[in-house]
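Just below is one structure, and these are the notes that go with it.
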Amino acid sequence: MSILAVLEQRPSPGGGPEWNRMSWETLAAAQQFARELNQPVSAAVLGHGIERLAVELASQKLDKAFALEHPLLASYTPDAYASALRQLVAHTQPSLVVFPHSYQVRDFLPKLATALGRVAVSDVVGHRAAGGNLVLVRQLFQGKVCADFRCGSPGPNFASLQAGAYRADQVVSGSASLDKFAPEIAPGSIRTKPLELFRESQRAVDLSAAELIVSVGRGIKEADNIALVRKLADALGAELAASRPICDAGWLPMERQVGSSGQTVSPKMYLAVGISGAIQHQVGMKGSRTVVAINKDPDAPIFEIADYGIVGDLFQIVPELIEAIQKAK
Ligand SMILES: Cc1cc2nc3c(=O)[nH]c(=O)nc-3n(C[C@H](O)[C@H](O)[C@H](O)COP(=O)(O)OP(=O)(O)OC[C@H]3O[C@@H](n4cnc5c(N)ncnc54)[C@H](O)[C@@H]3O)c2cc1C
């Protein structure tokens, strides 16, 4: 019985491979599961020309680090990834394999699990150990219900973990033996032809990587007032985000929407300005380390998850906050 974390890398704009930030959250979770279940934990990275990442992986507290190297893994394809991981799973016989819930994993994980006659539990937000077994928790019905999924024995069980559900800074470093694992991949088995990687336009933002976020909701009243919250974000060096009605109205672009139909974020600080905290919004930001809320309604649901709350009129509080931040600089 063992736990295997499969981490994700992709070519950086500079050319070499770089980690997907969620990889470290996945590794932290796998180490935590292993501690609680008293099982060994290993981790794997797939690609081509990934020696630097493999060495970095081997400097974490793991039983083994696996580097799955193959020229046909240089660019992501679901066929090559599923085939390589199937071979690694057969070789290592893990009871649980965990992945970051990235777009790539969403693409190939069902194929991998189904090929082994298993299911994958996606977008896991938490867990508990029960009688030597692991119970994974995921949300259903837009976050209204939490469902428990008991890992079967002997496995393998497959799960992807929601961004922000586990904390990357809790990865325990150490040292692991590095195993180079060369999967057999037949070129004819790959049915898709990777083209150039999609790169978002300059204006597009990856809020999931932001450390500070100032997020604005319908309390801002009209489009022209967004400038006030933008000024606060600039003063803090934060990204600007919003609740859905703001993006639906076109006051900010869709890429800035946080929530069940927007981005999932896990910054160090999430400052919610005039946001009620509807469940569809909360599911996208409750992984934030510290939540600060400004709202004139003391009963707004956002205060249930806020670490710090200011009850009052944002049009009075935000200018004072900007002034105080500028003075403190
Ligand atoms: C299928 C589905 C998917 C959805 N996906 C998302 C999603 O991804 N993201 C998302 O955000 N929503 C989503 N929603 C919408 C969600 O249900 C809420 O309607 C939305 O989050 C509310 O946005 P809000 O908090 O900005 O507005 P409101 O709920 O209207 O809240 C405005 C808040 O501002 C406060 N306020 C007003 N004036 C002031 C003032 N002067 N000073 C201080 N505070 C003030 C009010 O007290 C209130 O709490 C989804 C809904 C559905 C059905």
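Order of appearance sets the numbers: ligands from 1, and atoms from 1 within every ligand. Predicted model only: the values in this text are computed from it and were never measured. Only heavy atoms go into these numbers, but all of them, side chains included; no hydrogens, no water, no symmetry mates.
Residue contact annotation: Pro245 has a non-hydrogen atom under 4.0 Å from ligand 1.
Considering only non-hydrogen atoms, atom 26 (O) of ligand 1 lies nearest to Ser243 out of Ala242, Ser276, Ser243, Gly219. Which of Ile302, Asp297, Asn295, Val311 comes nearest to atom 49 (O) of ligand 1 through a heavy atom is settled by distance: it is Asn295. Distances from atom 44 (N) of ligand 1 to the heavy atoms of Gln282, Lys296, Gln316 put Lys296 nearest. For atom 2 (C) of ligand 1, the candidate residues are Gln257, Arg218, Arg244; the nearest heavy-atom contact is made by Arg244.
Linking ILVMFWY residues whenever their side-chain heavy atoms come closer than 4.5 Å, directly or via other members, places Ile213 and Ile302 in the same cluster.
You'll find the ring centres of Phe33 and Tyr166 inside the 6.0 Å limit.
Each of the following atoms of ligand 1 lies closer than 4.0 Å to a heavy atom of Gly259: 7 (C), 8 (O), 9 (N). Residue Lys221 approaches ligand 1 through these ligand atoms, each under 4.0 Å from one of its heavy atoms: 37 (C), 38 (N), 39 (C), 41 (N). Atoms of ligand 1 found under 4.0 Å from any heavy atom of Asp313, numbered from 1 in the order shown, are 40 (C), 41 (N), 42 (N). Within ligand 1, the atoms closer than 4.0 Å to a non-hydrogen atom of Ser261 are 3 (C), 4 (C), 5 (N), 6 (C), 7 (C), 8 (O), numbered from 1 in the order shown. Short contacts between ligand 1 and Phe315, defined as distances under 4.0 Å to a heavy atom of the residue, involve ligand atoms 41 (N). Set against the non-hydrogen atoms of Gly217, the atoms of ligand 1 under 4.0 Å away are 26 (O). Less than 4.0 angstrom separates some heavy atom of Val258 from each of these atoms of ligand 1: 7 (C), 8 (O), 9 (N), 10 (C), 11 (O). Remark: ligand 1 atoms within the under-4.0 Å shell around heavy atoms of Gly312 are 42 (N), 43 (C).
An N or O contact shorter than 3.5 Å links Leu314 to ligand 1 by distance.
More than 12 heavy atoms of other residues, nucleotides or ligands lie within 6.0 Å of CZ in Arg118, so this atom counts as buried by the packing criterion. Heavy-atom neighbours of Lys61 NZ from other residues, nucleotides or ligands within 6.0 Å: at or below the threshold of 12.
For the pair Cys151 and Asn133, the tightest heavy-atom approach, listed with the atom from each and the gap, is O-OD1, 2.9 Å.
Under 4.0 Å from ligand 1, the heavy atoms of Ala278 that appear belong solely to its side chain.
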**Request:** List the steps and the verdict of side-chain hydrogen bond (donor to acceptor under 3.5 Å, both in side chains) for Arg106 and Ser160.
**Result:** CA-CA 8 Å; Arg106 281 175 230 197; Ser160 64; over 6 Å; no

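The closest donor-acceptor contact from the side chain of Gln31 to the backbone of Val41 lies at 3.5 Å or more, if one exists at all.
Inter-residue side-chain proximity for Val283 and Thr264 is flagged as unmet; no heavy-atom pair is nearer than 4.5 Å. A 4.5 Å side-chain heavy-atom check between Glu69 and His48 finds at least one atom pair inside the cut-off.
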